[in-house]
Amino acid sequence: MQEKRLGQSQIANGSRTTLYTLGASTTAIFKTIIITNTTDTDASISIWDIKDGDSYGDDNAILKDLNVPANDFVQIITYLIQDTEGDTLQAEAGTATAITINAYGAEI
């Protein structure tokens, strides 16, 4: 098992950003997701766990329109497993260039 940062991105407003895509012969376990608001204004974020072959929607939402206070962060402790090639972790911000996400865990 190799623990590492599985994804990092500044999230765009109004369009989904893929933070991580699971490769072949791999299982990923997300343990911590740190969501940072880098602006002076509150911002919102949504995150989805999209299983390969699933369509994007509320049924695979992890967070929906979570408010992140100005110049602050939210730390999510989780045990999210992705085990099918092509599974993705995706995010969308409600405010342009306000949110940066770092996702940490392990690949097996």
Side-chain angles (χ1 to χ4, degrees):
M1 177 174 6
Q2 178 183 2
E3 294 194 22
K4 63 182 187 175
R5 180 172 49 208
L6 297 173
Q8 177 185 36
S9 186
Q10 188 169 57
I11 308 303
N13 177 29
S15 63
R16 282 180 287 134
T17 300
T18 298
L19 296 166
Y20 179 82
T21 301
L22 186 67
S25 302
T26 305
T27 296
I29 302 169
F30 291 87
K31 296 180 178 179
T32 304
I33 301 172
I34 299 173
I35 305 164
T36 305
N37 181 348
T38 60
T39 67
D40 293 333
T41 306
D42 288 1
S44 64
I45 185 73
S46 297
I47 300 176
W48 296 270
D49 174 26
I50 310 292
K51 300 300 182 190
D52 186 43
D54 281 354
S55 58
Y56 152 83
D58 286 349
D59 57 331
N60 28 37
I62 296 172
L63 303 170
K64 182 135 185 204
D65 297 325
L66 175 72
N67 183 64
V68 182
N71 296 310
D72 206 350
F73 73 95
V74 174
Q75 180 175 344
I76 308 296
I77 305 299
T78 186
Y79 198 82
L80 172 69
I81 297 173
Q82 291 188 336
D83 58 4
T84 303
E85 182 179 359
D87 289 354
T88 61
L89 190 67
Q90 299 179 9
E92 182 179 325
T95 306
T97 63
I99 298 287
T100 299
I101 294 181
N102 286 279
Y104 299 93
E107 289 182 328
I108 303 170

Quiz item: Do Tyr104 and Leu6 share a hydrophobic cluster (ILVMFWY, side-chain heavy atoms under 4.5 Å, transitive)?
Solution: no

Self-check item: Side chain Asp49, main chain Leu89, donor-acceptor under 3.5 Å
Solution: no

Quiz item: Roughly how far apart are Thr27 OG1 and Glu85 CD, rounded to 0.5 Å?
Solution: 11.5 Å

Quiz item: Quick one: are Thr18 and Gln90 in side-chain contact, heavy atoms under 4.5 Å?
Solution: yes

Practice problem: Would you kindly confirm whether Ile108 and Ile81 end up in one hydrophobic cluster when ILVMFWY residues are joined by side chain heavy atoms under 4.5 Å apart? | Solution: yes

Quiz prompt | Backbone of Asp83 reached by a side-chain donor or acceptor of Asp87 within 3.5 Å | solution = yes

Practice problem: Please list, chain by chain and in numerical order, all residues satisfying salt bridge (charged side-chain N to carboxylate O under 4.0 Å, His left out) with Asp58, sequence neighbours excluded. | Solution: Lys64

Quiz item: How close do Val68 and Phe73 get, heavy atom to heavy atom, and via which atoms?
Solution: CG1-CA, 4.3 Å

Practice problem: Please name the pair of heavy atoms, one in Pro69 and one in Asn67, separated by the smallest distance, quoted to 0.1 Å. | Solution: CD-O, 3.8 Å

Quiz item: Would a distance-only check, ignoring hydrogens and angles, find a side-chain to backbone donor-acceptor pair under 3.5 Å from Thr88 to Thr21?
Solution: no

Quiz item: Which residue pairs satisfy the ring-ring contact (aromatic ring centres under 6.0 Å, His included) criterion with at least one member in residues 1-24, sequence neighbours excluded?
Solution: Tyr20-Phe30

Quiz prompt | Contact summary for Leu66 and Leu63, nearest pair of heavy atoms | solution = CD2-CD1, 3.9 Å

Quiz item: If you take all heavy atoms of Ala43 and Ile99, which pair is closest and at what distance?
Solution: CB-CD1, 3.9 Å

Quiz item: Below 4.5 Å, heavy atoms only, C-beta onward: do Asn71 and Asp40 meet side chain to side chain?
Solution: yes

Exercise. List for me each residue that meets side chain to side chain contact (heavy atoms under 4.5 Å, CB included) alongside Ala91, sequence neighbours excluded, and say none if there are none.
Key: Ile11, Leu19, Ile45, Ile47, Ile101

Practice problem: Might you point out which heavy atoms bring Glu3 and Ala106 nearest each other, and give the distance in Å? | Solution: CG-CB, 3.8 Å

Quiz item: Under a 4.5 Å side-chain heavy-atom rule over Ile, Leu, Val, Met, Phe, Trp and Tyr, are Ile29 and Ile34 clustered together?
Solution: no

